[in-house]
Amino acid sequence: VAGDLNEDHVGKFLGFHEPRTGVNYGAKILDVKRDEAQRNPGMLLRVRHSAILGVSGSRDERMRLNLDQPVQLVDVPTE
């Protein structure tokens with residue numbers, strides 16, 4: 001779950017799905033912060049989405065996830 005993410009996960013990949021093409025891909029975790037100052041605590045993430053040929057280039061995104069939100073870490077081949 002998202003609440004288990006921490007600085008040790010920076011550089012690892014979260015699994016994402018592109019519904020238009022059916023492509024599953026990894027987004028690299030660039031930054032992880034736990035935010036408990038808000039009324040609804042959560043995790044603040046900055047990730048870099050991989051480029052998807054014919055759909056989009058790589059892009060960075062900031063997101064807020066609920067602490068109990070399921071996330072999937074994936075292995076992404078480097079070659």
- Scanning both residues in full, the closest heavy-atom pair of Met63 with Glu61 reads CE-OE1, 3.6 Å
- Message: Run the side chain to side chain contact (heavy atoms under 4.5 Å, CB included) test on Val76 and Val74 for me, step by step, so that the C-alpha distance in whole Å, both residues' side-chain angles and the decisive distance to 0.1 Å come before the verdict.
- Response: CA-CA 6 Å; Val76 174; Val74 296; 4.1 Å; yes
- Task: Check whether any side-chain N or O of Asn6 sits under 3.5 Å from a backbone N or O of Asp8 as a donor-acceptor pair, and report yes or no.
- Result: yes
- Message: Check this for me, if you would: do Asp35 and Lys33 make a salt bridge, where the nitrogen-to-carboxylate-oxygen distance has to be below 4.0 angstrom?
- Response: no
- Message: Check the orientation of Phe16 and His49. Use parallel for under 30°, tilted for 30 to 60°, and perpendicular for over 60°.
- Response: perpendicular
- Message: To the closest 0.5 Å, what do you measure between CZ (Arg46) and CG (Leu30)?
- Response: 5.0 Å
- Does Ser50 reach the main-chain N or O of Gly26 with its side chain, forming a donor-acceptor pair under 3.5 Å? yes
- Flag yes if more than 12 heavy atoms outside Asn40 fall under 6.0 Å of its CG atom; otherwise flag no. yes
- Side-chain touch Val23/His17, heavy atoms, less than 4.5 angstrom: no
- On a heavy-atom basis, the closest approach of Glu18 and Tyr25 is N-CE2, 4.1 Å
- Message: Pair Val1, Gln69 - check side chain to side chain contact (heavy atoms under 4.5 Å, CB included), show working.
- Response: CA-CA 5 Å; Val1 295; Gln69 186 168 338; over 6 Å; no
- Item | Audit row: Asp31, Glu7, side chain to side chain contact (heavy atoms under 4.5 Å, CB included) steps and yes/no | CA-CA 7 Å; Asp31 192 27; Glu7 289 295 321; 3.9 Å; yes
- Message: Is it the case that the side chain of Arg34 and the backbone of Gly3 share a donor-acceptor pair, with hydrogens and angles ignored and the cut-off at 3.5 Å?
- Response: yes
- Message: With rounding to the nearest 0.5 angstrom, report the CZ to CG distance, Phe13 to Leu73.
- Response: 11.0 Å
- Message: Once rounded to the nearest 0.5 Å, what's the spacing between atom CD1 of Ile29 and atom CG of Leu14?
- Response: 4.0 Å
- Query: If we only count heavy atoms from C-beta on, is the Arg62 to Leu45 side-chain gap below 4.5 Å?
  - Reply: no
- Message: Show me the pairs that pass salt bridge (Lys or Arg N to Asp or Glu O under 4.0 Å) and involve residues 47-58, at least two apart or across chains.
- Response: Arg48-Asp60
- Message: I'd like to check Leu5 versus Lys12 (side-chain heavy atoms, cut-off strictly below 4.5 Å). Are they in contact?
- Response: no
- Note on the structure: Rounding to 0.5 Å, atoms NE2 (His9) and NZ (Lys28) come to a distance of 15.0 Å
